[in-house]
Amino acid sequence: MGIKRRAFLIGGAAIVGGGLFAVYWGDSSARKRAVELTAKGKDGSFLSWVKISEDDTVTVYSPHIDFGQGSHTALAQMVAEELDADWSKVVVEHAPADPSFANSALGRGFMADMSGQPSIVAALPASFISMAARSMNLQITGGSSAVRFTGQSGMRVAGAAAREALIAEAAERLKVPASELTTLDSRVIHEKTSTSLRYGKLAQAAAARSLNSDVKLKNRKDFRYIGQGVHRLDIPAKVDGSATYGIDFTLPDMRVATIMMAPVRGGKLTSVDTAPALAINGVEKVIKLDDAVIVIAKGYWQATKGMQALSPQFSDGGHGSLSTASIYAAQDKLNASGEKLVAPADGKLLTADYKAPFLHQAMMEPFAMTAHHKDGRLDMWGGLQDPLGTRMMMAEIAGLDAAKVMFHPMIMGGGFGRRFPPYSQIIGQLTKIAMQVPYPVKLIWSREQDVQHGAYRPQVAARLQGVTGKKRMAAWSSDYAQNDDAAAEGTVPYAIPNFEARHHEYISNQVNAYWRSVNASQHGFFNESFVDELAHAEGEDPYTFRRNHLKAGSRPLLVLDTVAQRAGWGAPLPEGHARGIAMVESFGTIVAEVVEASLKEDGTPKVHKAWAVVDCGTTVNPLNAAAQIEGGLIMGLSSAIGEQITLDKGAVVESNFGDYPVMKLADAPEIDVHFIESGAKMGGIGEPGLPPAAPALANALFALTGKRIRQLPILAQAKA
Amino acid sequence: MPIETTVNGKAVSIDAEPDTPLLWALREDLGLTGTKFGCGIAACGACSVHVNGEITRSCSVPVSEVAGKSVTTIEGLKGADGTLHKVQQAWINAQVPQCGYCQSGQIMAAVALIQKTGKPSAAQVDEAMTNICRCGTYPRIRKAILAATGQAAASVEGAA
């Protein structure tokens with residue numbers, strides 16, 4: 001797997017009731033800090049990476065939050081694999097927001113693999129960047145990174161180092177050579193004498209031993225847990241209502257608040273008469289922020305009624321003339337400035353303008369977090385993608401020393417990129433109100449505020465030019481206008497002699513945010529639709545055209561061929577049905593999808609079946625990995641068909657699920673997911689299933705109607 | 001005036017203003033947080049409960065309307081001995097939930113559908129299951145409903 005394990009330090013510590021094993025990136029101060037905190041920890045509540053307790057329970061501390069992607073279970077599988085743990089006694093907990101748990105493996109992963117998502121690093125708050133630069137410590141979930149970086153470089157190494165120490169300890173106690181010992185189901189076994197020792201009995205002493213920093217990891221053929229579709233550890237609590245999300249957290253004497261923000265991002269609160277809200281039964285306080293008004297009441301309903309009684313006035317921050325159309329117009333102008341391709345006499349030039357709207361993550365749990373400022377200390381509970389970054393922001397906003405601030409991560413009702421601290425406004429809002437009241441307060445955003453004050457996928461326009469001849473692509477250029485450079489996502493896997501992508505910076509009043517699969521979704525739609533156009537221009541079948549531009553024996557070719565084969569590409573279809581194909585590599589994973597679609601009587605698309613073939617190197621949990629691909633594909637179809645965030649007079653028009661239509665069960669296709677276990681460097685799984693869905697559908701609809709879809713969502717264009 | 005009603009088989013008295021949505025009375029007055037807030041306009045179904053056996057989006061029903069009625073929430077689905085309802089078990093077997101936030105509502109909708117139809121057809125599932133799941137667990141929800149009603153294999157591949 002190419003992991004430079006020598007660079008890691010392995011640390012252990014004997015603790016009350018067990019042993020602690022951790023992996024650090026060459027930073028002995030972090031190890032010292034973890035041991036310090038461990039000593040202070042009560043009931044073993046604060047420990048690092050892997051804890052083995054006297055009763056054999058193996059606790060895995062994940063520096064990543066799990067908002068449904070199942071990475072906690074996968075990370076536990078990776079520890080259990082190398083440790084030879086008894087799976088029935090493995091549990092996973094969120095690591096606390098402490099630098100000792102910062103994820104060096106993730107930092108190194110991004111630095112080493114710039115095809116990942118390096119811009120995530122740039123999105124960190126300023127106070128955190130310097131710290132990250134010093135130690136490359138991160139506690140982020142994003143970039144489909146948990147398993148491929150933390151799991152490969154952290155969890156497996158910790159498990160293997162712990163196992164080696166347990167064997168060494170057992171060898172000493174049994175007075176036998178370590179080479180005669182084997183491990184299985186949390187026991188060290190000496191077969192010759194039919195004796196064995198439980199890990200729980202050995203852990204405390206084993207953790208106090210000097211640990212090996214250069215452990216040998218298992219070979220694929222010896223895997224017992226990696227590659228198995230074990231059931232997710234978090235699911236039982238998610239079917240009986242007992243799972244506790246941020247919105248469910250409660251404290252004695254807690255009040256509930258809700259918020260109304262300036263409709264135009266960048267606008268300010270200019271005036272509000274607070275009296276009408278205060279007259280509502282249960283309302284206790286109205287707080288004015290720079291750009292919002294907050295009502296605090298006994299409960300959410302009373303806070304909502306209080307808010308409805310108010311008529312706050314907001315300025316538009318100078319963005320009152322901004323609209324979806326004005327943004328596209330400005331972007332088109334930028335793109336038109338790009339260099340023009342010229343076709344040779346025997347070639348063809350095709351030029352097409354593509355557009356993709358702002359999109360909302362629409363996580364099912366709106367922002368809802370609780371904070372309490374008491375005795376100079378600020379605590380916050382909720383779900384965000386970077387607990388440590390959140391803590392740093394809280395300290396900065398509250399003007400408190402970081403030691404007096406703690407963020408307690410909880411499970412999340414979805415995220416999809418919305419819960420990155422730098423643009424999670426709720427951190428600042430809640431910190432500010434908590435500092436003003438003596439009681440704990442939970443701030444809940446209404447769905448309308450959630451939709452209208454989102455951190456959207458950037459709206460992007462692109463001008464694509466392609467030169468073809470003799471059924472081959474000779475030149476390709478892409479001019480695209482958006483906030484950030486999407487160089488990594490703007491590429492295609494095809495062999496094209498001349499390929500160029502030019503970024504034109506366009507900045508609206510919206511933040512530059514991440515949406516599941518980041519820029520791979522817009523650019524995947526542009527590029528994979530345009531490849532289809534070029535195939536059509538050359539009179540070639542879109543699957544054949546693609547494969548003729550892929551290297552024999554390459555991973556993308558196998559992925560493409562496999563999806564075509566599974567989907568029966570070219571086989572007859574029912575009347576009124578057509579297929580579309582697309583392939584996008586993102587986050588180190590190659591995914592090709594085929595969609596079979598028709599049009600309903602009202603002209604809206606209906607997807608009957610979809611096929612996805614995935615090469616992410618190795619799947620840790622195929623059952624959950626398939627779920628991630630299914631979910632990504634459905635989110636891709638949903639957004640392609642009906643989702644858009646539009647601006648009018650600088651403000652967001654859509655406000656709830658009525659006008660932001662998320663796909664429902666009746667429209668979700670049956671999905672065939674297949675993995676190619678290539679053994680290549682491990683790629684991500686949470687995001688890569690999404691990008692091919694929109695172009696595959698658009699290409700199917702072209703095959704059906706002859707009408708090329710160059711702007712999303714499809715329904716808005718159909719009605720226009 | 002407190003509102004007298006029955007929740008999960010127990011008589012309760014809820015001291016909330018009559019126009020308070022049932023959702024918030026359940027969550028904040030009774031501490032039953034398994035029922036979720038999603039949209040507040042009965043569009044997403046995360047707040048689905050049963051009122052006298054009928055599937056109901058509790059964010060849009062005033063608590064005063066359930067006076068004298070019987071409300072069942074996700075917390076009330078298990079048997080008296082703690083055994084999971086067959087739909088809950090089917091959800092585990094099919095590994096349905098991802099983030100899990102909408103699943104209380106999805107399960108309540110599925111239970112109501114099965115109580116009404118016995119063995120729902122694919123068309124009945126499509127028509128009844130209108131709750132939003134942003135994670136896209138729909139294919140597995142379909143499988144779980146079919147499995148819970150003996151119309152498909154009980155479990156997806158993989159060890160428990």
Side-chain angles (χ1 to χ4, degrees), chain A residues 67-70 228-232 234-245 247-248 250 256 281-282 299-302 361-366 368 411-416 444 446-447 622-624 627-628 630-635 638 656-658 662-666 668 670-671, chain B residues 16-17 19-21 23-25 27-29 31-41 43-44 46 73-75 77-78 84 87-89 91-93 95-104 107 125-127 129-142 156-160:
Chain A
F67 38 53
Q69 76 278 38
Q228 296 302 308
V230 300
H231 279 187
R232 272 172 54 167
D234 57 330
I235 283 183
K238 289 177 174 176
V239 303
D240 66 2
S242 64
T244 307
Y245 297 78
I247 200 170
D248 304 327
T250 187
V256 180
N281 190 24
Y300 181 71
W301 179 241
Q302 291 154 322
Q361 293 85 357
M363 54 193 185
M364 290 308 294
E365 178 194 22
I411 60 168
M412 281 162 263
F416 315 108
I444 303 177
S446 68
R447 177 59 67 185
L623 204 53
N624 184 61
Q628 290 304 303
E630 290 162 12
L633 200 155
I634 288 172
M635 193 164 169
S638 175
N656 205 318
F657 290 120
V662 170
M663 181 175 272
K664 295 183 179 175
L665 181 140
E670 195 187 322
I671 302 171
Chain B
E17 289 166 54
D19 65 344
T20 305
L23 168 67
W24 296 104
R27 289 181 56 84
E28 294 184 346
D29 294 289
L32 295 170
T33 56
T35 305
K36 302 302 187 200
F37 167 59
C39 68
I41 58 166
C44 77
T73 71
I74 188 73
E75 290 92 346
L77 271 193
K78 281 185 189 173
L84 291 177
V87 172
Q88 292 173 306
Q89 189 58 53
W91 245 243
I92 292 176
N93 294 346
Q95 292 284 287
V96 174
Q98 291 186 28
C99 91
Y101 193 78
C102 75
Q103 299 297 345
S104 297
I107 290 169
V125 171
D126 281 359
E127 195 188 331
M129 297 299 292
T130 56
N131 293 9
I132 293 174
C133 171
R134 186 53 156 171
C135 298
T137 63
Y138 301 126
R140 293 183 185 211
I141 289 176
R142 276 206 194 99
V156 287
E157 63 192 86

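What's counted below: heavy atoms across the whole structure, side chains too, no hydrogens, waters or symmetry copies. The chains referred to below are lettered A, B, ... by the order of the sequence lines, with proteins before strands, and numbering in each begins at 1.
For A:Leu633, no part lies near chain B; criterion is any non-hydrogen pair under 4.5 Å. Heavy atoms of A:Ala243 lying under 4.5 Å from chain B belong exclusively to its backbone. With a 4.5 angstrom heavy-atom cutoff, A:Gln302 touches chain B only via side-chain atoms. At a 4.5 Å heavy-atom cutoff, the contact between B:Val125 and chain A is made by backbone and side-chain atoms alike. Heavy-atom distances place no part of B:Asp29 under 4.5 Å from chain A, backbone and side chain included. Looking at B:Leu77, there are no atoms closer than 4.5 Å to chain A (heavy atoms on both sides), in backbone or side chain. There is no contact between A:Ser242 and chain B, counting heavy-atom distances below 4.5 Å. Contacts of A:Leu665 with chain B are made by both backbone and side-chain atoms, with heavy-atom separations under 4.5 Å. For B:Thr20, the parts lying near chain A are the backbone and the side chain together; criterion is any non-hydrogen pair under 4.5 Å.
Taking the six-membered ring for Trp and thresholds of 30 and 60 degrees, B:Trp24 and A:Tyr300 have ring planes inclined between 30 and 60 degrees apart.
Separating the CH2 atom in A:Trp301 from the CG atom in B:Asp19 is a distance of 5.5 Å, to the nearest 0.5 Å. Between the NZ atom in A:Lys238 and the SG atom in B:Cys102 there is a gap of 10.5 Å [rounded to 0.5 Å]. Once rounded to the nearest 0.5 Å, the distance linking CD1 of B:Ile92 with NE2 of A:His231 reads 9.0 Å.
Taking each heavy atom of B:Pro97 and A:Val239 in turn, the nearest pair found is CG-CG1, 4.1 Å. Summarising the geometry of B:Tyr138 relative to A:Met663, their closest heavy-atom pair is OH-O, 2.5 Å, with the distance given to 0.1 Å.
Contact count against chain A (heavy-atom pairs under 4.5 Å) is highest for B:Cys39 among B:Pro139, B:Cys39, B:Ser104. The residue among A:Gly413, A:Ala627, A:Pro236 with the most heavy atom pairs within less than 4.5 Å of chain B is A:Ala627. Interface summary for chain B: among A:Ile634, A:Ile444, A:Ile671, the most heavy-atom pairs under 4.5 angstrom belong to A:Ile634. Put simply, of B:Ala16, B:Ala43, B:Ala25, B:Pro21, the one with the most heavy-atom pairs under 4.5 Å next to chain A is B:Pro21. Across A:Pro366, A:Ser446, A:Ser638, the residue that shares the most heavy-atom pairs under 4.5 angstrom with chain B is A:Pro366. Contacts with chain A were tallied for B:Gln103, B:Glu127, B:Met129; B:Met129 has the most, counting heavy-atom pairs under 4.5 Å.
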Point to revise | Derivation of the side-chain contact (heavy atoms from CB on, under 4.5 Å) call for B:Lys78 and A:Asp240 | key: CA-CA 8 Å; B:Lys78 281 185 189 173; A:Asp240 66 2; 2.9 Å; yes

Point to revise | Criterion side-chain contact (heavy atoms from CB on, under 4.5 Å) on A:Met412 and B:Cys99, from CA distance to verdict | key: CA-CA 7 Å; A:Met412 281 162 263; B:Cys99 91; over 6 Å; no

Review point. Are A:Gln628 and B:Gln98 close enough, and set up right, to give a side-chain contact (heavy atoms from CB on, under 4.5 Å), and what steps lead you there?
Key: CA-CA 8 Å; A:Gln628 290 304 303; B:Gln98 291 186 28; 3.2 Å; yes

Practice item. Please report the C-alpha distance between B:Arg134 and A:Met363 in whole Å, then the side-chain angles of each, then the deciding distance to 0.1 Å, and finally whether the side-chain contact (heavy atoms from CB on, under 4.5 Å) criterion is met. Key: CA-CA 6 Å; B:Arg134 186 53 156 171; A:Met363 54 193 185; 5.9 Å; no

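With contacts defined as side-chain heavy-atom distances shorter than 4.5 Å, the pair A:Tyr245/B:Lys36 qualifies. Contact check for A:Thr250 versus B:Glu28: no side-chain heavy atoms found under the 4.5 Å cut-off. In this structure the side chain of A:Ile247 reaches within 4.5 angstrom of the side chain of B:Arg27, judged on heavy atoms. Here the side chains of A:Ile235 and B:Trp91 are not in contact, with every heavy-atom distance at 4.5 Å or above. Side chains of B:Thr33 and A:Thr244 form no contact here, defined as non-hydrogen atoms less than 4.5 Å apart.
Side-chain atoms of A:Arg447 come within 3.5 Å of backbone N or O of B:Gly38 as a donor-acceptor pair. Between the B:Gln95 side chain and the A:Arg232 main chain, a donor and an acceptor come within less than 3.5 Å of each other.
The neighbour count for A:Glu670 CD, taken as heavy atoms of other residues, nucleotides or ligands under 6.0 Å away, does not exceed 12.
B:Thr130 pairs by the side-chain hydrogen bond (donor to acceptor under 3.5 Å, both in side chains) definition with B:Arg57, not counting sequence neighbours. B:Gln88 pairs by the side-chain hydrogen bond (donor to acceptor under 3.5 Å, both in side chains) definition with nothing, not counting sequence neighbours.
A salt bridge links B:Arg140 and A:Glu630; the closest N-O separation between the charged side-chain nitrogens and carboxylate oxygens is under 4.0 Å.
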